[in-house]
Amino acid sequence: MRIVQLTQDSKKNILNNMLKRSPNNYGTYEETVNRILADVKARGDEAVFEYTKKFDRFDLNAGNIQVTGEEIKKAYEELDEGLVDVIRKSAENIRAFHSKQLRNSWFDAKPDGTILGMKITALEKVGVYVPGGKAAYPSSVLMNVVPAKVAGVDQVIMTTPCNAEGKVNPGTLVAADIAGVSVIYKVGGSQAIAAMAYGTQSIPKVDKITGPGNIFVALAKKAVYGYVSIDSIAGPSEILVLADETANPRYVAADLLSQAEHDELASAILITTSKDLAEKVSAEVDGFVEVLERKAIIQKSLDNYGYILVADTMEDAIDAVNEIASEHLEILTANPFDVMTKIRNAGAIFLGEYASEPLGDYFAGPNHILPTNGTAKFFSPVNIDDFIKKTSIISYSRSALKKVSEDIQIFAKSEGLTAHANSIKVRFENDK
C-alpha cells in the first residue's frame, strides 16, 4: 500500500478522490433508470415481467412471481445446518440490540389544561431490496428486516432477483424467513424499486424502501424518493483504521483487506502516528493479497482508494478521521475509549484489537447498514427510527388558549396571516 505523509493537501486530495465514488456522480445511468421507472409506473406487472426476462432471463408471470413456502423449505435443506444456526444467533443479537432503541408515545399534561405529546407509529408497509447472484448477502437481509419487525411494521415485503431457472439464493430465503419477511417477490434491479414505489398488480406499494444494490438500484431509490421514503443512497464500502505504535500490524492489514475485497471502489485507509507501523502494515498487506481469493478486486481497490497516512500527532490523525467520516472506523490505540470520545463522524466505531469490523457485519447486533462517502457527518446507521413515524399531539383547554390568544394573534398578524389570527380571535369574540 502507498504510504503518504498526512498534510492538509494530502487529506484534501484523498477526500476529493473518495467522493468520485458517490452514486451522485453516475449520471450516465440515470436515463436508463428513469425510463424503467416510468415504464413500470405506466404498465405495472407487464413491464416488470419483460425486464425480468431481459435482464435475468427468467419468464416471470403472476403465477410464479412470489416465492412459495415449498421453495423456502427447500432452501433450508440446501443450506448447511451450522450456517442456519449462525443466522438464527445473529438475528437474535440484532433483535436484542435494536429492541433497546424502542421508544414509547408520550404525553405531558399541565394543570392548566394543556396537553402536548408525541405519538409513535410504526410504518405499515416496508419494502426491502436484496441483491442476488454473487452479491447475495443474508446478513443484509437480517439488518434490514429485523429492525423493521422490532419497530412493529405490519408488512415487510422483499424483492430479490432470481436466476434463469427462477431460483433465489437459499441463504437469502432462509435469512428472510428467520427475520420474519411477509412475502418475497422474484424481481430485481430498477424494476423492483419501481414496483415497490408505485405498486403493480402483483406487488403492493410500500411506504419505505431499504436495502443495498448496484448503481441502477441506488439511482432508482434516489429517483423514487418522495413517492416513498428510502434508507439512504449507499456508496461503496469503506474502512478507516486509526492506530498508534501499540497496534498489531497483522491485525490492521487483515482488517483493511476485509473491506477492500468488496469491490474495486471500496476504500481502505490506515491513519497512524507511527512510521514503523505504517511500513509493517504495508508489508503485511502485500503478503495477504497474494493468498486471498479476491486478489484482483483487492489490488484494484488498494491501487485506487487505499492509503496509509502518517500523521505527526494523534490530534492531526483524529482531525483527519473526522473529515473523512468513514463508514467503519477501527480504533487500535493504547486507550481506544479515550480516543473514541474525540470522534465526531463515523458510521460505526470498533474499539480495540478484538473488535474487528466483520464482527459488526455479521454478529454483534448493531446495524451494518451505515452512511458512506462522508455522509456519516449527518446520517446514522439504519435503526428503529427508520421504521417509525412521529406525530405531534396538541390539546388546550379554553382557559389555557385564552391566556396565550393575544400572543398568537400578534405573531400571526406580523406575518400577514390574518386568517390565522382570526381563527384564535373567534373563540373569544363573545367574551366581555
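Worth knowing before you read on, the calculation uses all heavy atoms, side chains too, and leaves out hydrogens, waters and symmetry mates.
- Distance alone, capped at 3.5 Å, is enough to place a donor-acceptor pair between the D231 side chain and the G211 backbone.
- Legend: residues meeting side-chain hydrogen bond (donor to acceptor under 3.5 Å, both in side chains) with E290, ordered by chain and number and at least two apart, are K295.
- Taking the salt bridge (charged side-chain N to carboxylate O under 4.0 Å, His left out) definition, one finds that K149 meets it with nothing, sequence neighbours left out.
- Identified under the ring-ring contact (aromatic ring centres under 6.0 Å, His included) test for residues 185-214, with sequence neighbours left out: Y198-Y227.
- Annotation: salt bridge (Lys or Arg N to Asp or Glu O under 4.0 Å) contacts involving residues 363-373, sequence neighbours excluded, are absent.
- Atom NZ of K390 is surrounded by more than 12 heavy atoms from other residues, nucleotides or ligands within 6.0 Å.
- To the nearest 0.5 Å, atom NZ of residue K205 and atom CD1 of residue I157 are 11.0 Å apart.
- Applying the salt bridge (Lys or Arg N to Asp or Glu O under 4.0 Å) rule to pairs touching residues 35-45 yields D39-R43, R43-E46, R43-E50, sequence neighbours excluded.
- At least one donor-acceptor pair under 3.5 Å links the side chain of T272 to the backbone N or O of A243.
- The closest donor-acceptor contact from the side chain of S190 to the backbone of F216 lies under 3.5 Å.
- Remark: side-chain polar atoms of R250 are not paired, donor with acceptor, to backbone N or O of E284 under 3.5 angstrom.
- Judged as a salt bridge (Lys or Arg N to Asp or Glu O under 4.0 Å), the pairs with a partner in residues 310-330 (not counting sequence neighbours) are, in order, E323-K377.
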Quiz: residues 94-101 side-chain donor-acceptor pairs under 3.5 angstrom, not counting sequence neighbours:
{"from": "R95", "atom 1": "NH1", "to": "E92", "atom 2": "OE1", "distance (Å)": "3.0"}
{"from": "H98", "atom 1": "ND1", "to": "I94", "atom 2": "O", "distance (Å)": "2.8"}
{"from": "H98", "atom 1": "NE2", "to": "N367", "atom 2": "ND2", "distance (Å)": "3.4"}
{"from": "S99", "atom 1": "OG", "to": "R95", "atom 2": "O", "distance (Å)": "2.7"}
{"from": "Q101", "atom 1": "OE1", "to": "I384", "atom 2": "N", "distance (Å)": "3.0"}

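- Judged as a ring-ring contact (aromatic ring centres under 6.0 Å, His included), not a single pair has a partner in residues 330-359 (not counting sequence neighbours).
- S326 contributes no side-chain N or O that, together with a main-chain N or O of L329, makes up a donor-acceptor pair within less than 3.5 Å.
- Heavy atoms from other residues, nucleotides or ligands lying under 6.0 Å from CZ of F411 number 12 at most.
- For Q191, there are no side-chain hydrogen bond (donor to acceptor under 3.5 Å, both in side chains) partners, not counting sequence neighbours.
- Y129 places a side-chain heavy atom less than 4.5 Å from the side chain of P161.
- Judged purely by atom type and a 3.5 angstrom limit, S90 uses its side chain to pair as donor or acceptor with the backbone of Y362.
- Every pair tested for ring-ring contact (aromatic ring centres under 6.0 Å, His included) that includes a residue from residues 234-260 fails, sequence neighbours excluded, so the list is empty.
- A ring-ring contact (aromatic ring centres under 6.0 Å, His included) check over residues 265-317, counting only residues at least two apart or in different chains, returns nothing.
- Not one N or O on the side chain of N34 forms a donor-acceptor pair closer than 3.5 Å with the backbone of E31.
- Listed by first and then second residue, the salt bridge (Lys or Arg N to Asp or Glu O under 4.0 Å) pairs that reach into residues 52-69 come to none, sequence neighbours excluded.
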